[in-house]
J.: 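Here's a structure for you.
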Amino acid sequence: MPSPAADETKTLIGRVHYDIATIGEANWRACAEHATYNPFVDYRFLHALEVSKSACQETGWAPFHIALENEGDTVAVMPLYLKSHSRGEYIFDGSWANAWHQAGGRYYPKLQSSIPFTPATGPRLLAKPGSNQREWQRQILAVAAQLVEQTKVSSLHITFLPEEEWELAGASGYLKRLDTQFHWYNNDYDDFEQFQNELSSKKRKNIRRERREAMQDDIEVEWVTGSDLREHHWDAFYEFYMDTSYRKWGSSYLTREFFSLINESMPEQTLLILAKRAGRYIAGAINFIGDDTLFGRNWGCVEHHPFLHFEICYYQAIDYAIERKLRCVEAGAQGSHKIARGYLARETYSAHWLANDSFKEAVADFLRREQRYVKSDIEYVKAHSPFKSSLAPIR
């Protein structure tokens, strides 16, 4: 489909791909790998989701990726999915869907530019570097908006995009939304003890107690990554993953095959933190390793031990980040309980294109009011930081 390109890029063509493989790994990498490495926009990660049938039409995540071509050369790509529900997104629009339905409309299907089941910030407007990069990003935003009209869907949602892409989307007519996550920041710590000493006395004592009690009953912790990862590790972790889904009455989108595929294609970017007792794995968390960030994703267990979740998901992640000199730990969505454990509030960003003008006006008004509350909450958290007043970490 031709895009409304600027004069110097009249040959730009936007194409929809229903399989990331038809874009090709080399083309995707050329657009995605010039910036700070993010494992979730890695071709191998997205390809594994599709091949394993984790992200597919049957799970409500039908691939609908956009590639922008300039005289046959792929210059930009956008991960995009046709969604039949709002699950697995972590930016909640259920109230919008209900209002749309009550007005007699049909909210689903919709278009979603995000990484399935992954509430982690990362680039969505993936364009080759150079003098035309920003223009190609604008054009892929325009193509995506055109798709809303051409496919007769209700809306397009770009979630967990970086602030600079969020601002660009806003300048292109998208509605801008703010939300909050809690991240840990590395202030060039030598070890966990140094980090801990920057916390208030009460928080420091609580963390020491939690770490001590979590490791009772002769529990051991292993970090497994790279060539050390084996199928028996994934068998154990998949059991934890399924147990969490069952207990939360959720859907287990990630198939067992997905974990084998990433083990084959990107083991160096994958970290399992596993707890073992009496020779048996009893709990674990999967993490993905970026250039400067450790991204915590799924956790599960088959035995309950007090504070073991905090140890495996938060404290061990901090230990790993300090040892590997990573700047940040993103430990997933929600969770104000993370504040007491040294994680700080930060903004997350999403952009939205709505087909119906009246509904768009109503949502825009809602977002203006919501944004005030989000900013107020972030300021409140900053004012109640777990750190000593003069020792806030560098962001």
J.: Do Thr293 and Val329 have side-chain heavy atoms sitting under 4.5 Å apart?
T.: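 Side chain of Thr293 against side chain of Val329, heavy atoms only: no contact under 4.5 Å found.
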J.: Hey, would you say the His233 and Phe237 ring centroids sit under 6.0 Å apart?
T.: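 Aromatic pair excluded; centres sit 6.0 Å or further apart.
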J.: Taking the six-membered ring for Trp and the full ring for Phe, Tyr or His, determine whether the centres of Trp184 and Phe195 are under 6.0 Å apart.
T.: yes
J.: Could you tell me if Tyr81 and Ser113 have a donor-acceptor pair between their side chains, going purely by distance under 3.5 Å?
T.: no
J.: Using only heavy-atom distances, determine whether the side chains of Arg368 and Gln371 contain a donor-acceptor pair under 3.5 Å.
T.: no
J.: Suppose we call two aromatic rings close when their centres sit under 6.0 Å apart. Are His65 and His17 close by that rule?
T.: no
J.: Could you tell me if the side chain of Pro119 sits less than 4.5 Å from the side chain of Gln181, heavy atoms only?
T.: yes
J.: Flag the pair Leu46 / Phe40 as yes when at least one side-chain heavy-atom distance between them is below 4.5 Å, and no otherwise.
T.: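 No. Closest side-chain heavy atoms not under 4.5 Å.
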J.: Flag this pair as yes if the NZ/CZ of Lys276 is under 6.0 angstrom from the six-membered ring centre of Tyr281 and inside a 45 degree cone about the axis; otherwise no.
T.: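 Yes, a cation-pi geometry holds between Lys276 and Tyr281.
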J.: Tell me, do Tyr37 and Gln269 make a side-chain contact under 4.5 Å, heavy atoms counted?
T.: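 Sidechains of Gln269 and Tyr37: in contact.
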J.: Can Glu220 and Arg277 be counted as an ion pair, charged N to O under 4.0 angstrom?
T.: no
J.: For a salt bridge (charged side-chain N to carboxylate O under 4.0 Å, His left out) check, start with the C-alpha distance between Arg124 and Glu165, then their side-chain angles and the critical distance, and finish with the verdict.
T.: CA-CA 8 Å; Arg124 303 293 180 256; Glu165 292 186 6; over 6 Å; no
J.: Check Phe366, Trp166, Trp96 against His352 for a ring pair (Phe, Tyr, Trp, His ring centres under 6.0 Å) and give me the one that passes.
T.: Trp96
J.: OG of Ser200 to NE2 of His384: how many Å apart, nearest 0.5 Å?
T.: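 Nearest 0.5 Å value for the OG-NE2 distance: 12.0 Å.
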J.: Which heavy-atom pair separates Thr59 from Ser54 by the least distance, and what is that distance?
T.: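 Smallest heavy-atom distance, with atoms named: OG1-O, 3.0 Å.
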J.: Counting heavy atoms not belonging to Asp218, are there more than 12 under 6.0 Å from its CG?
T.: no
J.: For residues Ile207 and Gln196, determine if any side-chain heavy atom of one lies less than 4.5 Å from a side-chain heavy atom of the other.
T.: yes
J.: Do the side chains of Glu198 and Lys388 get close enough for a salt bridge, i.e. N-O under 4.0 angstrom?
T.: no
J.: Can we say Arg44 and Glu264 salt-bridge, meaning some charged N sits less than 4.0 Å from an Asp/Glu carboxylate O?
T.: no
J.: Please give me the minimum heavy-atom distance between Ala145 and Leu156, naming the atom from each residue.
T.: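 Nearest pair, atom of Ala145 first, then Leu156: N-CD2, 4.2 Å.
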J.: Just wondering, do Leu126 and Met78 contact through their side chains at under 4.5 Å, heavy atoms?
T.: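 Heavy-atom side-chain distance check fails, nothing below 4.5 Å.
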J.: Heavy atoms only: give me the nearest Cys56-Pro63 pair and the separation to one decimal.
T.: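 Reported closest heavy-atom pair: CA-CD, 4.3 Å.
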J.: Step through it carefully: locate the ring centre of Phe160, locate the ring centre of Tyr349, and say whether they are under 6.0 Å apart.
T.: no
J.: Without hydrogens or angle criteria, can the side chains of Ser260 and Arg256 be said to hold a donor-acceptor pair below 3.5 Å?
T.: yes
J.: So, are Lys128 and Asp73 salt-bridged, with charged N and O less than 4.0 Å apart?
T.: yes
J.: Do the ring centers of Phe295 and Phe288 come within less than 6.0 Å of each other?
T.: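 No, too far apart.
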J.: Is the gap between the ring centers of Trp353 and His157 under 6.0 Å?
T.: no
J.: Identify the two heavy atoms, one from Ala355 and one from Val148, that lie closest to each other, and give their separation to 0.1 Å.
T.: CB-CG1, 3.8 Å
J.: Over 60° means perpendicular and under 30° means parallel, so classify the ring planes of Phe117 and Tyr253, tilted if in between.
T.: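 Judged by the thresholds at 30° and 60°, the geometry between Tyr253 and Phe117 is parallel.
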J.: Ring pair (Phe, Tyr, Trp, His ring centres under 6.0 Å), that's the test. Do Tyr380 and Tyr373 meet it? Break it down for me.
T.: CA-CA 10 Å; Tyr380 178 85; Tyr373 288 116; over 10 Å; no
J.: Using 4.0 Å as the upper bound for N to carboxylate O, is an ion pair formed by Arg211 and Glu311?
T.: yes
J.: So does Arg280 pair up with Glu303, basic N to acidic O under 4.0 Å?
T.: yes
J.: If you measure from NZ on Lys176 to CD1 on Ile158, what distance do you get to the nearest 0.5 Å?
T.: 13.0 Å
J.: Less than 4.5 Å apart, side chain to side chain, heavy atoms only: is that true for Leu272 and Glu222?
T.: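 No. Closest side-chain heavy atoms not under 4.5 Å.
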J.: A quick test of your reading: do over 12 heavy atoms of other residues, nucleotides or ligands sit less than 6.0 Å from CZ of Arg106?
T.: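 Open: at most 12 neighbouring heavy atoms sit under 6.0 Å from CZ of Arg106.
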J.: Check this for me: does any side-chain nitrogen of one of Glu379 and Lys375 sit under 4.0 Å from a carboxylate oxygen of the other?
T.: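 The answer is no: the pair does not qualify as a salt bridge.
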J.: Is the closest basic N to carboxylate O distance between Asp93 and Lys83 below 4.0 Å?
T.: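 Not counted as a salt bridge, because no side-chain N and carboxylate O are separated by less than 4.0 Å.
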J.: CD of Gln57: more than 12 outside heavy atoms within 6.0 angstrom?
T.: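 No, because the 6.0 Å sphere around CD of Gln57 holds 12 heavy atoms or fewer from other groups.
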J.: Looking at CG of Asp188 and CD1 of Ile322, how far apart are the two atoms once the value is rounded to the nearest 0.5 Å?
T.: 10.5 Å
J.: Between Asn70 and Thr11, does any side-chain donor sit less than 3.5 Å from a side-chain acceptor?
T.: yes
J.: In terms of relative ring orientation, are His309 and His337 parallel, tilted or perpendicular, with 30° and 60° separating the classes?
T.: tilted
J.: Which residue, Tyr238, Phe45, Tyr241, Trp234, forms the ring pair (Phe, Tyr, Trp, His ring centres under 6.0 Å) with Phe258?
T.: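 Only match with Phe258 under ring pair (Phe, Tyr, Trp, His ring centres under 6.0 Å): Phe45.
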J.: Before giving the answer on ring pair (Phe, Tyr, Trp, His ring centres under 6.0 Å), spell out for Phe359 and Trp100 the whole-Å C-alpha distance, their side-chain angles and the decisive distance to 0.1 Å.
T.: CA-CA 8 Å; Phe359 192 72; Trp100 196 292; 4.6 Å; yes
J.: Any salt bridge linking Lys110 with Glu89? Criterion: basic side-chain nitrogen under 4.0 Å from a carboxylate oxygen.
T.: yes
J.: Considering all heavy atoms of both residues, which atom of Tyr90 and which atom of Thr118 are nearest to each other, and what is their separation?
T.: CE1-N, 3.9 Å
J.: For a quick test of reading the model, state the closest non-hydrogen atom pair linking Cys313 to Tyr343 and the distance between them.
T.: O-OH, 4.3 Å
J.: Any side-chain heavy-atom pair from Val77 and Ile66 closer than 4.5 angstrom?
T.: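 Side-chain contact under 4.5 Å: no.
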J.: Taking the basic N atoms (NZ, or NE/NH1/NH2) and the acidic carboxylate oxygens, is any pair closer than 4.0 Å for Arg341 and Glu210?
T.: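 Result for this pair is yes, salt bridge flagged.
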J.: Can you tell me if Trp223 and Gln316 form a side-chain donor-acceptor pair at under 3.5 Å?
T.: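 A donor-acceptor contact under 3.5 Å links the two side chains.
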J.: For Leu141, is there any backbone N or O sitting under 3.5 Å from a side-chain donor or acceptor partner on Tyr174?
T.: yes
J.: So, taking the atom named CD in Glu361 and the one named CG in Leu175, what distance separates them when rounded to the nearest 0.5 Å?
T.: 10.5 Å
